[in-house]
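Working notes for the structure below.
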Amino acid sequence: WEAMGAIGEIVGAVGVIATLGYLAFQVRQNSIVTRSASRQAISNQQTEFGMRCADSPDLRAAIASLLEIEILTPEREASIRDAFYFRALMRMYENQYHQYEDGTFDADMWIGYRENMRLVFSTPKGPPRWKKNRALYSSDFIAFVERELIASTDVAQSDQHDPAKA
């Protein structure tokens with residue numbers, strides 16, 4: 001009977017360890033989902049605010065006042081509008097990047113979204129606008145953009161202008 005008791009204790013211990021492992025896994029998954037939902041909500045708020053600023057002449061005027069711009073020319077107003085559109089777009093992209101990195105964004109969908117980002121950075125205004133605003137984003141998103149998007153579009157653009165590579 002002692003042998004049976006020892007086997008029962010071993011089986012019980014294995015069961016406890018397996019249960020603890022399962023609970024640890026569940027806690028980790030729950031943390032990822034909670035962080036993802038929180039990031040999504042914050043990103044939505046910032047994107048919505050950016051779009052409102054871009055769309056509203058009154059908000060653009062208020063922003064110009066905060067920036068102590070005394071004369072809001074049509075060109076300056078368009079520049080403020082475009083900056084807010086760009087920031088809203090980048091915030092949305094940053095959220096998608098983090099969701100993908102956390103495993104909560106489908107890998108197949110990510111390919112298309114990443115290529116959409118690449119298109120933005122292949123425009124003449126994309127990289128300069130990014131350089132002005134890069135400090136607004138997380139360090140890992142900055143690294144991703146500069147490694148995967150800007151560097152690759154620089155290579156693609158130089159290939160277009162190099163007849164040997166065309």
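Note that this is a predicted model, so its numbers are computed, not measured. The chain is numbered in sequence order, starting from 1.
Of all heavy-atom pairs spanning M51 and A88, the tightest one is SD-CB, 3.8 Å. Contact detail for L72 and A64: the closest heavy-atom pair is CD1-CB, 3.8 Å. Here the closest heavy-atom approach between residue I80 and residue R60 is recorded as CG2-CG, 4.1 Å.
Summarising the local packing, OH of Y113 is surrounded by 12 or fewer heavy atoms from other residues, nucleotides or ligands at distances under 6.0 Å.
Contact of the L119 side chain with the N116 side chain is registered, since non-hydrogen atoms from C-beta on lie closer than 4.5 Å. Here the side chains of W110 and Q96 are in contact, with some heavy-atom distance below 4.5 Å. With contacts defined as side-chain heavy-atom distances shorter than 4.5 Å, the pair Y97/V145 does not qualify. At least one side-chain heavy atom of E94 sits under 4.5 Å from a side-chain heavy atom of H98. Contact check for R76 versus I69: side-chain heavy atoms found under the 4.5 Å cut-off.
Between the side chain of R91 and the backbone N or O of L136 there is at least one donor-acceptor pair closer than 3.5 Å. Panel note: side chain S79, backbone E75; no donor-acceptor pair is recorded below 3.5 Å. Not a single donor-acceptor pair under 3.5 Å links the side chain of D102 to the backbone N or O of T104. In terms of modelled atom types and a separation under 3.5 Å, the side chain of R87 and the main chain of G50 share no donor-acceptor contact.
To the nearest 0.5 Å, atom CZ of residue R134 and atom CD of residue E146 are 4.0 Å apart. The distance from atom CE of M90 to atom OG1 of T47, rounded to the nearest 0.5 Å, is 10.5 Å. Here the CZ-OG1 distance, from R129 to T123, works out to 9.0 Å after rounding to the nearest 0.5 Å.
Criterion: ILVMFWY side-chain heavy atoms under 4.5 Å apart, direct or through other members. Under it, L149 and M109 are part of a common hydrophobic cluster. Under the 4.5 Å side-chain heavy-atom criterion for grouping Ile, Leu, Val, Met, Phe, Trp and Tyr, F141 is connected to M92 within one hydrophobic cluster. Under the 4.5 Å side-chain heavy-atom criterion for Ile, Leu, Val, Met, Phe, Trp and Tyr, L59 and Y85 are members of distinct hydrophobic clusters. Linking Ile, Leu, Val, Met, Phe, Trp and Tyr whenever their side-chain heavy atoms come within less than 4.5 Å leaves L23 and V14 in two separate clusters. One hydrophobic cluster, built from ILVMFWY side chains closer than 4.5 Å, holds both Y137 and Y93.
Side-chain contact check for D140 and S138: at least one donor-acceptor pair (N or O, by modelled atom type) lies under 3.5 Å. Judged purely by distance below 3.5 Å, without hydrogens or angles, the side chains of D106 and Y100 never pair a donor atom with an acceptor atom.
By the 6.0 Å and 45° rule, R118 does not stack over the aromatic ring of F121.
Taking the centre of each ring, W130 and F144 stay at or above the 6.0 Å mark.
At a threshold of 4.0 Å, the pair R52-E48 counts as salt-bridged, since one of the basic side-chain nitrogens sits closer than that to a carboxylate oxygen.
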